[in-house]
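What follows is a short report on a single structure.
The shown structure was predicted, so the numbers you read here are calculated from the model rather than taken from an experiment.
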Amino acid sequence: QVRLVESGGGLVQAGGSLRLSCAASGRIVSITDMGWYRQAPGKQRELVATITSGGSTNYADSVKGRFTIARDNAKNNVYLQMNNLKPEDTGVYYCNYVAAGRFNYWGQGTQVTVSS
């Protein structure tokens with residue numbers, strides 16, 4: 001079975017940094033887009049950043065200039081570098097892969113908590 005596993009979350013003070021990683025186990029072929037989403041308590045899940053197979057990126061306005069998404073196609077990994085973290089960045093972060101046939105794969109999530 002295909003599994004996505006996030007790592008790198010934790011508790012950090014405002015202004016600090018974290019680097020999230022997502023690794024795939026099992027066989028996934030022809031991955032096109034990779035992305036990160038987050039869900040704050042009491043709120044709906046929102047897109048944070050995406051990256052295409054060609055390296056084109058998109059970011060939510062709230063994280064532009066602070067977060068950077070990157071991918072390693074050889075390893076099928078995706079990363080999210082988060083700098084200058086703010087309390088409003090707190091939430092559960094999920095990685096997402098889109099593969100051939102428009103199949104979606106999701107990780108279980110990793111908690112990011114930013115204290116003021």
Side-chain angles (χ1 to χ4, degrees):
Q1 275 187 307
V2 173
R3 292 182 65 237
L4 303 184
V5 180
E6 301 97 339
S7 62
L11 176 64
V12 66
Q13 293 182 332
S17 298
L18 287 172
R19 183 175 176 85
L20 305 184
S21 299
C22 181
S25 64
R27 186 169 65 90
I28 305 177
V29 298
S30 300
I31 297 172
T32 55
D33 299 340
M34 297 179 174
W36 288 94
Y37 293 73
R38 68 186 181 189
Q39 187 167 23
K43 297 183 179 180
Q44 293 188 342
R45 188 175 300 185
E46 65 175 351
L47 183 147
V48 177
T50 60
I51 183 166
T52 70
S53 59
S56 298
T57 59
N58 285 298
Y59 297 93
D61 288 341
S62 60
V63 307
K64 286 181 179 177
R66 299 189 297 119
F67 290 11
T68 303
I69 188 171
R71 65 190 285 169
D72 184 332
N73 291 329
K75 297 180 179 179
N76 281 344
N77 290 165
V78 64
Y79 309 93
L80 185 69
Q81 178 66 46
M82 305 185 293
N83 297 325
N84 193 23
L85 283 160
K86 303 176 180 180
E88 48 263 48
D89 294 318
T90 294
V92 179
Y93 283 68
Y94 302 88
C95 60
N96 168 248
Y97 291 6
V98 179
R102 298 180 66 184
F103 290 108
N104 273 306
Y105 300 92
W106 292 89
Q108 293 298 116
T110 185
Q111 178 70 45
V112 172
T113 303
V114 184
S115 62
S116 60

Quiz prompt | Residues that S17 engages under side-chain hydrogen bond (donor to acceptor under 3.5 Å, both in side chains), provided they are two or more places apart | solution = N83
Quiz prompt | Under the side-chain hydrogen bond (donor to acceptor under 3.5 Å, both in side chains) test, residues paired with Y79 that sit two or more places apart | solution = N77
Is there a path from [X] to [Y] through hydrophobic residues (I, L, V, M, F, W, Y) whose side chains come within less than 4.5 Å of each other?
X: V92; Y: V63; answer: no
X: I28; Y: Y37; answer: no
X: L11; Y: L85; answer: no

Self-check item: Residue pair N58 / L47, side-chain heavy-atom distance below 4.5 Å
Solution: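 No, too far: nothing below the 4.5 Å cut-off.
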Quiz item: Any donor and acceptor pair, going by atom type alone, linking the side chain of E6 with main-chain N or O of L20 inside 3.5 Å?
Solution: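 No; judged by distance alone, with no hydrogens or angles, the pair does not exist.
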Practice problem: Using modelled atom types only, decide if a donor and an acceptor are shared between the side chain of T113 and the backbone of T90 within a distance under 3.5 Å. | Solution: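 No; judged by distance alone, with no hydrogens or angles, the pair does not exist.
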Practice problem: Would you check, one step at a time, whether the test side-chain contact (heavy atoms from CB on, under 4.5 Å) holds for M82 with V112? | Solution: CA-CA 10 Å; M82 305 185 293; V112 172; 4.0 Å; yes
Quiz item: Which pairs, with at least one residue in residues 97-111 and sequence neighbours excluded, count as a salt bridge (Lys or Arg N to Asp or Glu O under 4.0 Å)?
Solution: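 Those involving residues 97-111 do not exist here.
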Practice problem: Any side chain to side chain donor-acceptor pair (under 3.5 Å) involving residues 64-75? Give me the pairs, sequence neighbours left out, ordered by first then second residue. | Solution: D61-K64, R66-D89, R71-N73
Can you give each donor-acceptor pair under 3.5 Å made by side-chain atoms of residues 103-110, sequence neighbours left out, with the distance rounded to 0.1 Å?
residue: N104; atom: OD1; partner: N96; partner atom: ND2; Å: 3.3
residue: T110; atom: OG1; partner: G9; partner atom: N; Å: 3.4

Quiz item: Which heavy atom in M34 sits nearest to a heavy atom in V78, and how many Å separate them?
Solution: SD-CB, 3.5 Å
Quiz item: For L4 and C95, which heavy atoms make the closest approach, and how far apart are they?
Solution: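 So the two residues come closest at CB-SG, 3.8 Å.
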Quiz item: Which residues satisfy the salt bridge (charged side-chain N to carboxylate O under 4.0 Å, His left out) test with E46, sequence neighbours excluded?
Solution: R38
Quiz prompt | Which residues share a salt bridge (charged side-chain N to carboxylate O under 4.0 Å, His left out) with R45, sequence neighbours left out | solution = none
Practice problem: Drop me the distance from Q13's CD to S116's OG, to the nearest 0.5 angstrom. | Solution: 9.5 Å
Quiz item: Can you pull the ring pair (Phe, Tyr, Trp, His ring centres under 6.0 Å) pairs that have at least one residue in residues 80-102, sequence neighbours excluded?
Solution: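 Pairs touching residues 80-102 that pass the test: none.
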Quiz item: Does anything in residues 4-25 pair up under ring pair (Phe, Tyr, Trp, His ring centres under 6.0 Å), and if so which pairs, sequence neighbours excluded?
Solution: none
Quiz item: Could you give all pairs that pass the disulfide bond (SG atoms under 2.5 Å apart) test and reach residues 37-87, with sequence neighbours left out?
Solution: none
Practice problem: Taking atom CZ of R3 as the centre, report whether more than 12 heavy atoms of other residues, nucleotides or ligands fall under 6.0 Å from it. | Solution: no
Quiz prompt | Which residues share a side chain to side chain contact (heavy atoms under 4.5 Å, CB included) with A70, sequence neighbours left out | solution =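 Partners of A70 under the side chain to side chain contact (heavy atoms under 4.5 Å, CB included) test: none.
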Quiz prompt | Set of residues satisfying side chain to side chain contact (heavy atoms under 4.5 Å, CB included) with respect to T57, sequence neighbours excluded | solution =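 With sequence neighbours excluded, T57 shows a side chain to side chain contact (heavy atoms under 4.5 Å, CB included) to I51, Y59, I69, given in chain and number order.
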